[in-house]
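A quick write-up on the structure given underneath.
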Amino acid sequence: MAKGNVARTRNGGSTAADPEFVQLLTPEGERVNHPDYTVDFTDEEYRSLYHDLVVVRRLDAESTALQRQGELGIWASLLGQEAAQVGSGRALRTQDMAFPTYREHGVLYCRGIDPIMPLGLFRGVDQGGWDPNEFKFNMYTIVIGAQALHATGYAMGINMDGKVGGDDGEAVIAYFGDGATSQGDVNESYVWASVMNAPIVFFCQNNQYAISEPLERQTRVPLFKRASGFGFPGIRVDGNDVLASYAVTRTALDNARHGNGPTFIEAYTYRMGAHTTSDDPTRYRIASEVEAWQAKDPIKRMRLFLEKQGLADEAFFASVDEEAKAEAIKLRERVLSMPDPQPLQMFDHVYPNGSPLLDEQRAEFARYMESFAGGAH
Ligand SMILES: Cc1ncc(C[n+]2csc(CCOP(=O)(O)OP(=O)(O)O)c2C)c(N)n1
Ligand SMILES: [Mg+2]
């Protein structure tokens with residue numbers, strides 16, 4: 001038996017790859033109805049969703065190119081996951097707090113953060129320069145699954161502060177991947193969120209791989225079905241459908257803010273590029289699989305939808321491309337002119353008000369640096 005069939009046979013047909021999900025927009029750009037979810041966008045909002053999808057993909061491509069040219073240390077591309085990120089990112093209300101991984105550049109963009117910010121981190125000149133409280137978007141987290149705990153603690157805090165209930169209640173969203181669902185941190189978060197009725201949405205982008213490990217090595221049941229064992233609803237959405245991603249996330253966040261507790265969302269999508277620029281996916285997956293997912297491209301279907309509905313013409317699509325290109329050029333120029341940090345700067349933002357131990361370490365490091373002054377060692 002082929003290795004990949006093991007999970008299928010043991011679950012009587014319900015497999016981790018079972019594609020039953022909420023969909024509002026087919027790969028052909030047809031708008032379909034769902035009994036529980038819908039969207040009510042104006043024509044302008046439909047166009048702006050398309051705009052965001054194109055811009056975040058273009059900025060991402062530019063960042064990959066910058067890494068290839070030695071200007072970034074590494075880059076984790078969002079290619080293929082634009083709809084999951086823009087849909088969920090735009091579903092957040094101003095007061096909601098997001099906890100990202102290292103790949104949520106599309107959500108970051110939707111939160112209104114300058115897209116240069118993550119590039120400083122990946123260039124190694126800062127530690128991620130945005131203020132999480134200002135933008136309600138926490139720092140990127142490289143440690144797989146750790147942010148699920150941070151997010152759950154934050155959500156429990158919101159409850160304690162009495163900020164849940166009503167339309168202006170606050171909610172939290174924690175982003176992570178399919179691989180992260182195997183981490184203890186994430187499962188512990190589910191337990192706490194459930195029993196404390198925390199106002200949180202667990203948004204899992206199932207992009208089918210954890211680096212080279214395919215989904216079938218993480219789970220024998222669909223990820224969204226696990227949530228019921230922890231005591232809250234799980235739902236799978238077509239993660240390449242920006243409308244469905246928006247609708248499902250908005251409903252889950254609104255449930256959370258009204259005091260109805262957590263939801264787990266599995267956004268079923270595909271990582272069309274490499275895990276990071278350090279990875280070579282041709283070593284572990286075949287071209288036909290990638291091609292099959294290219295037919296489900298999130299941007300292509302939104303463009304087809306706009307065309308079919310008569311909401312946009314060639315001039316609109318050309319102007320979005322032009323704008324995305326101009327933003328990418330600007331991004332490139334700004335990356336190239338980023339100053340290198342002073343070595344002692346790394347001590348500055350560890351604690352808001354410093355600490356005696358840190359002061360000692362800074363002084364020691366300063367003496368070490370000075371020992372190089374004016375001579376060869
Ligand atoms: C605690 C921990 N273990 C291992 C790693 C190494 N690592 C980096 S990314 C990754 C895979 C994550 O896969 P997934 O959760 O599916 O997210 P994706 O990268 O696919 O978005 C691993 C194992 C890490 N960063 N942190
Ligand atoms: Mg993954």
Side-chain angles (χ1 to χ4, degrees), residues 4 7 16-17 19 21 56-57 60 63-64 67 72-89 98-108 118 121-122 124 127-128 138-152 173-190 201-224 226-227 234 236-240 245 264-285 289-290 293 296 298:
F21 47 35
V56 299
R57 177 172 291 187
D60 184 73
S63 305
T64 298
Q67 193 284 334
L72 301 180
I74 189 171
W75 182 247
S77 167
L78 61 58
L79 186 62
Q81 299 176 218
E82 296 87 352
Q85 296 197 12
V86 169
S88 62
F99 287 78
T101 71
Y102 41 78
R103 205 185 288 287
E104 267 69 71
H105 322 307
V107 185
L108 176 138
L121 182 69
F122 286 103
Q127 287 144 355
N138 208 55
M139 306 313 297
Y140 275 7
T141 302
I142 311 284
V143 181
I144 300 299
Q147 75 282 2
L149 285 171
H150 308 156
T152 301
I173 189 165
Y175 287 90
F176 50 85
D178 44 293
T181 63
S182 299
Q183 287 287 119
D185 290 16
V186 174
N187 290 271
E188 288 156 18
S189 306
Y190 296 161
V201 175
F202 295 107
F203 193 91
C204 173
Q205 287 168 82
N206 175 2
N207 65 6
Q208 314 299 330
Y209 288 92
I211 314 186
S212 58
E213 285 291 282
L215 182 66
E216 69 206 35
R217 289 287 167 270
Q218 307 290 347
T219 183
R220 291 184 185 276
V221 296
L223 292 174
F224 76 98
R226 283 195 182 159
R236 182 185 268 172
V237 62
D238 181 348
N240 283 14
S245 296
F264 175 88
I265 299 174
E266 176 186 359
Y268 201 76
T269 182
Y270 192 74
R271 195 195 75 212
M272 277 159 53
H275 169 71
T276 66
T277 46
S278 303
D279 172 47
D280 173 8
T282 64
R283 302 276 297 268
Y284 56 84
R285 67 186 191 188
E289 181 184 298
V290 183
W293 276 94
K296 302 177 198 170

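We count ligands from 1, going down the list as the structure has it; atoms in each ligand are counted the same way.
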With side-chain contact (heavy atoms from CB on, under 4.5 Å) as the test, would you mind laying out the steps for His105 and Tyr140 before giving the verdict? CA-CA 10 Å; His105 322 307; Tyr140 275 7; 2.7 Å; yes
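- Side-chain contact check for Asn207 and Gln81: at least one donor-acceptor pair (N or O, by modelled atom type) lies under 3.5 Å.
- Enumerated by chain and number, the residues approaching ligand 1 to less than 4.0 Å through a heavy atom are Tyr102, Arg103, Ile142, Val143, Ile144, Gly177, Asp178, Gly179, Ala180, Gln183, Asn207, Tyr209, Ala210, Ile211, His275.
- Using a 3.5 Å distance cut-off with no hydrogens or angles, the side chains of Asn240 and Thr269 do pair a donor with an acceptor.
- One N or O on the side chain of Glu104 and one on the backbone of Thr101 form a donor-acceptor pair closer than 3.5 Å.
- Residues passing the side-chain hydrogen bond (donor to acceptor under 3.5 Å, both in side chains) test with Ser88 are Tyr175, sequence neighbours excluded.
- Not counting sequence neighbours, the partners of Arg271 by the salt bridge (Lys or Arg N to Asp or Glu O under 4.0 Å) test are Asp279.
- Checked by atom type and distance alone, the side chain of Thr276 never pairs as donor or acceptor with a backbone atom of Ala76 at under 3.5 Å.
- Listed by chain and number, the protein N, O or S atoms at a distance under 2.8 Å from the Mg ion (ligand 2) are Asp178 OD1, Asn207 OD1, Tyr209 O.
- Nearest heavy-atom pair, Val143 versus Gln147, reported as atom, atom and distance to 0.1 Å: O-OE1, 3.7 Å.
- Ring geometry for Tyr209 against Tyr284 counts as tilted: the plane angle lies between 30° and 60°, on a 0 to 90° scale.
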